[in-house]
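Comments concern the structure below.
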Amino acid sequence: MTTDHTEESGKEKKSLNFIEAIIEEDIQNRKNDARVHTRFPPEPNGYLHIGHAKSICLNFGLAEEYNGKCNLRFDDTNPEKEDTEYVDSIMEDVRWLGFQWHGQHLYASDYFDQLFEWALLMIRQGKAYVDDQAQDVISQQRGTPTRPGIESPFRNRSVEENLDLFMRMKAGEFPNGSRVLRAKIDMASPNMHMRDPVMYRILHAEHHRTGNKWKIYPMYDYAHGQSDYLEGITHSLCTLEFEVHRPLYDWFLDQVTESAYRPRQIEFARLNLSYTVMSKRKLLELVKKGYVNGWDDPRMPTIAGMRRRGYTPASLRAFADRIGVAKRDNTIDVGLLEFMVREDLNKITPRVMAVLDPVKLIITNYPDGQTEDIELINNPEDADSGSRMVPFGKELFIERDDFMVDPPKKFFRLGPGRQVRLKGAYVIQCENFELDEQGQVSTIYCTYDPETKSGSGSSQPKVKGTLHWVDASKAIDAEVRLYDRLFSDEDPAGHKEQDFLEFLNPDSLKVLQNCKLEPMLATAKAGEKFQFQRIGYFCVDPDSKTDKPVFNRTVSLKDNWAKMNQQ
RNA sequence: UGCCCGAUGGUGUAAUUGGCAACACGUCUGACUCUGGAUCAGAAGAGUUCAGGUUCGAGACCUGAUCGGGCAACCA
């Protein structure tokens with residue numbers, strides 16, 4: 001969304017997206033009494049993902065922006081697929097994102113009685129009929145996009161017979177699939193959806209809310225618009241694939257009302273994110289086949305997964321705002337999402353010391369047995385965040401990456417003879433190092449200059465690098481889970497010949513076991529977020545135990561050194 | 001051979017009575033820095049899918065084409 005600063009007024013004038021433009025025009029014309037009432041209508045058959053987050057932010061955001069209301073309505077017209085488990089997770093996700101729906105949460109199944117009455121009305125008006133044909137016959141008669149369909153032999157039976165049959169369908173007299181109720185529209189319509197679409201099918205299935213009351217269930221096209229109408233929805237937002245359904249949405253409304261009030265369906269392009277998949281089917285497959293550890297695996301683009309990963313609601317909302325909304329197909333660079341979290345986390349997150357891949361460093365001239373407390377600022381971006389004391393001693397751990405036996409000139413860290421600052425403490429100089437049998441650096445020996453303590457103000461040697469560290473004797477052990485993109489291909493689902501699973505990134509999860517953290521982190525609670533100084537943003541995973549903290553990497557810090565090395 | 005959408009830098013989104021294309025991410029420079037983070041300063045990068053037309057003037061309007069997406073569940 002672009003803002004433009006008008007100099008005279010000093011006010012921000014936001015440019016409108018196409019939906020806002022429609023809404024403002026409707027308000028202008030006092031359409032529907034100038035009300036704005038949207039709804040978020042998930043089917044409770046899976047977990048919400050970032051694409052839904054876009055829709056949630058849109059619907060609830062528009063309601064807020066125009067002093068309107070937004071309902072949460074579960075589209076539960078298919079008892080075979082839907083479950084209460086999902087209802088709960090969806091409500092949790094919406095609330096977590098920071099939105100509150102208007103009144104109670106609602107269900108399409110709340111309207112089954114009314115929908116049935118209206119169906120009866122349509123039958124009486126000769127606008128609907130019961131078709132006894134098998135599914136594949138009906139399907140064949142529907143024709144193709146380029147060839148008109150043909151009319152069902154049952155299309156013109158009497159109102160009485162239709163009424164009788166439909167009542168008996170409701171009563172459960174017929175088996176699944178034996179009959180349907182169809183709208184009588186136009187089998188020759190160039191729009192496939194207008195070729196006598198099915199309104200009701202027979203389903204002897206237990207519904208998660210209505211139990212065994214119903215043996216027939218309404219189809220989406222029939223139920224959705226009527227539900228909107230019953231709730232007083234004014235702007236019914238959905239994704240592009242429903243564009244061709246709109247004439248049907250309007251047609252069904254025409255059959256039951258002549259009132260001036262009308263909900264309007266508006267379609268927008270769904271979100272696509274690079275390096276991931278978004279379809280429920282594919283996400284389900286990842287879970288079912290065990291490629292990830294459940295719906296809330298931090299690598300999943302689900303809201304639950306992102307929450308566990310450490311994303312904040314504010315960052316997701318900012319993301320939704322930034323990507324805007326339009327009708328053209330789009331693929332958002334996942335880098336933008338990452339930028340949004342960093343931006344938020346940078347402001348709110350306490351900085352802490354954590355060494356992921358530790359190597360021992362001994363300060364040879366530091367007195368044996370001495371320790372001291374070093375004061376560290378919690379967050380330089382937040383003046384109110386204060387400071388804390390962190391233990392420092394003769395033996396420390398530093399990051400293995402921060403030392404090179406034979407460093408290049410541009411390497412600003414430690415190497416034989418080189419000087420660096422230990423963050424918040426002293427300047428040290430590397431005097432020596434030891435290798436183990438594998439040739440890996442096992443211990444680094446340094447000397448320190450007591451005069452260089454942080455804040456001492458004394459003229460200090462200029463050093464190029466500053467390292468993070470932890471006191472070896474006081475550090476706590478932790479497990480750290482490093483997450484990377486789940487797929488190594490930008491568009492894993494976009495290959496005709498190859499299955500998306502072939503593009504799974506084998507390194508999407510790296511578990512580090514011997515990480516060393518500053519002591520204060522022992523008491524961090526699940527969900528708490530930190531910046532591991534110089535590394536990235538991390539949060540405490542629910543798997544965390546008091547004696548075994550577990551941290552998830554939300555996103556790494558921007559790393560120019562790594563970038564330089566790639567080139 | 002049908003119907004419905006869409007097309008603006010690498011990626012998104014703007015340009016609201018037609019007035020010489022803006023913002024964000026990314027990229028590249030440089031400054032600063034006790035996070036190679038953040039911040040700050042700057043740069044490159046599109047002439048708006050193409051061809052006609054209307055107009056003094058078109059990314060916006062008209063016509064045609066091209067390309068991309070969607071539509072043939074008793075799914076939503």
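Chain naming here is simple, since letters A, B, ... match the order of the sequence lines and numbering starts at 1 in each.
- Going from the P atom of B:rG53 to that of B:rU17 covers 27 Å, rounded to whole Å.
- For A:F154 and A:Y129, the ring centers sit 6.0 Å or farther from each other.
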Verify side chain to side chain donor-acceptor pair (under 3.5 Å) between A:E85 and A:Y47, making sure each step is shown before the conclusion.
CA-CA 9 Å; A:E85 171 200 357; A:Y47 282 73; 3.2 Å; yes

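- Listed pair A:R195 / B:rC71 fails the phosphate criterion, with no side-chain N or O lying under 4.0 Å from OP1 or OP2.
- Both A:L16 and A:P380 sit near RNA chain B, but only A:L16 has its closest nucleotide nearer the 5' end.
- One interatomic measurement links the two molecules: CD of A:E338 to C1' of B:rU11, which rounds to 14 Å at whole-angstrom precision.
- Using a 4.0 Å heavy-atom criterion, one finds that A:L557 contacts the bases of the nucleic acid, with or without backbone contacts as well.
- Ion pairing between a basic and an acidic side chain is recognised when a charged N comes within 4.0 Å of a carboxylate O; A:R485 and A:E338 show such pairing.
- Within the nucleic acid shown, A:A326 comes within 4.0 Å of sugar-phosphate atoms alone, with no base atom in reach, counting heavy atoms only.
- Heavy atoms of A:Q533 sit under 4.0 angstrom from at least one base atom.
- At a threshold of 4.0 angstrom between heavy atoms, the contacts of A:R142 are confined to the sugar-phosphate backbone, with no base atom among them.
- Salt-bridge annotation for A:R39 and A:E231: absent, with no side-chain N of the basic residue lying under 4.0 Å from a carboxylate O of the acidic one.
- A glycosidic torsion no more than 90° from 0 defines the syn conformation, and B:rG47 adopts it.
- With both ends at atom P, the span from B:rA14 to B:rC61 equals 15 Å, rounded to whole Å.
- Looking at the side chain of A:P190, the nearest of the listed nucleotides B:rA76, B:rC3, B:rG37 is B:rC3.
- Contacts of A:F411 with the nucleic acid, taken as non-hydrogen atoms under 4.0 Å apart, include base atoms.
- Within the nucleic acid shown, A:R342 has no heavy atom closer than 4.0 Å to any nucleic acid atom.
- Rounded to a whole angstrom, the distance from the C1' atom of B:rU66 to that of B:rU49 is 7 Å.
- Nucleic acid contact class of A:D75 (heavy atoms, under 4.0 Å, all strands): sugar-phosphate only.
- In this structure, A:F412 has its ring center no closer than 6.0 Å to that of A:W561.
- Consecutive Watson-Crick or G-U pairs involving RNA chain B, each under 3.5 Å on both distances, make up stems of three or more pairs at B:2-7 with B:66-71, B:10-13 with B:22-25, B:27-31 with B:39-43, B:49-53 with B:61-65.
- When distances run from any side-chain atom of A:E43 to the nucleotides B:rG37, B:rA14, B:rA76, the shortest one goes to B:rA76.
- Within 4.0 Å (heavy atoms only), A:R246 reaches no atom of the nucleic acid at all.
- Base engagement by A:H245 is indicated by at least one non-hydrogen atom pair under 4.0 Å involving a base atom.
- Regarding A:F242, its CZ atom lies at a distance of 11 Å from the P atom of B:rA72, rounded to whole Å.
- Atom OH of A:Y275 is separated from atom C1' of B:rU11 by 12 Å (rounded to the nearest Å).
- Atom CG in A:D196 sits roughly 16 Å away from atom C1' in B:rA73 (whole-Å rounding).
- For B:rA44 and B:rA22, the P atoms lie 12 Å apart once the distance is rounded to whole Å.
- Taking the six-membered ring where tryptophan is involved, the planes of A:H52 and A:H49 are tilted, since the angle between them lies from 30° to 60°.
- The side chain of A:T144 has B:rA72 as its nearest neighbour among B:rG6, B:rA72, B:rA76.
- For A:M192, taking side-chain heavy atoms from C-beta onward, the closest of the listed nucleotides B:rA72, B:rG37, B:rA76 is B:rA72.
- Under 4.0 angstrom from either OP1 or OP2 of B:rC74 there lies no side-chain N or O belonging to A:R182.
- Heavy atoms of A:E243 sit under 4.0 angstrom from primed sugar atoms or phosphate atoms, though from no base atom.
- Taking atom P in both B:rC3 and B:rU63, one finds a spacing of 15 Å when rounded to whole Å.
- The CG-P distance, from A:D321 to B:rA14, rounds to 12 Å in whole Å.
- Distance CG (A:D491) to C1' (B:rG10): 16 Å, rounded to an integer number of Å.
- Rounded to whole Å, the distance from CZ on A:R534 to P on B:rG36 is 5 Å.
- Taking the six-membered ring where the residue is Trp, A:H245 and A:Y220 present perpendicular rings, their angle passing 60° and hence far from 30°.
- Comparing B:rC28, B:rG36, B:rA72 by their nearest atom to the side chain of A:K563 picks out B:rC28.
- Counting non-hydrogen atoms under 4.0 angstrom, A:S189 reaches nothing in the nucleic acid.
- Separating the P atom of B:rA41 from that of B:rC23 is a span of 13 Å, rounded to the nearest Å.
- Ring orientation note: the planes of A:F166 and A:F116 are close to parallel, at an angle under 30° on the 30°/60° scale.
- A stacked arrangement is assigned to A:W561 and the six-membered base ring of B:rG36, with a centre-to-centre distance below 5.5 Å and an interplanar angle below 30°.
- Classification of A:R142 and A:D196 as a salt-bridged pair fails, no side-chain N sitting under 4.0 Å from a carboxylate O.
- Residue A:R281 places none of its side-chain N or O atoms closer than 4.0 Å to OP1 or OP2 of B:rC75.
- The side chain of A:T466 contributes no N or O atom lying less than 4.0 Å from OP1 or OP2 of B:rU33.
- With both ends at atom C1', the span from B:rA15 to B:rA46 equals 14 Å, rounded to whole Å.
- Aromatic pair A:F392/A:Y426: centroids less than 6.0 angstrom apart.
- Set against B:rG2, B:rG36, B:rC74, the side chain of A:P145 has B:rG2 as its closest nucleotide.
- Protein atom CD of A:E343 is 8 Å distant from nucleotide atom P of B:rC25, rounded to whole Å.
- Going from the P atom of B:rA38 to that of B:rG45 covers 25 Å, rounded to whole Å.
- A:K558 comes within 4.0 angstrom of the backbone, heavy atoms only, and of no base.
- Taking syn as a glycosidic angle within 90° of 0, B:rA65 does not qualify and is anti.
- Summary of the strand contacts: A:D559 and A:F339 both lie near RNA chain B, and taking for each the nucleotide with the nearest heavy atom, the more 5' one is attributed to A:F339.
- Salt bridge annotation for A:K81-A:E43: absent, with no cationic side-chain nitrogen under 4.0 angstrom from a carboxylate oxygen.
- Within 4.0 Å (heavy atoms only), A:Q133 reaches at least one base atom of the nucleic acid.
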Identify the pairs formed between an N or O of the protein and an N or O of nucleotides 46-50 of chain B at a distance under 3.5 Å, and give each distance.
none

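- The side chain of A:S139 approaches B:rA73 more closely than any other nucleotide in the set B:rA38, B:rA73, B:rC75.
- For A:F530 and A:F538, the distance between ring centers is not under 6.0 angstrom.
- Contact annotation for A:K410: base contact, defined as any heavy-atom pair under 4.0 Å involving a base atom.
- The pair A:K347-A:E343 does not count as a salt bridge, with every side-chain nitrogen at least 4.0 angstrom from each carboxylate oxygen.
- Of the charged side-chain nitrogens involved, at least one lies within less than 4.0 Å of a carboxylate oxygen, so that A:E518 and A:R388 count as a salt-bridged pair.
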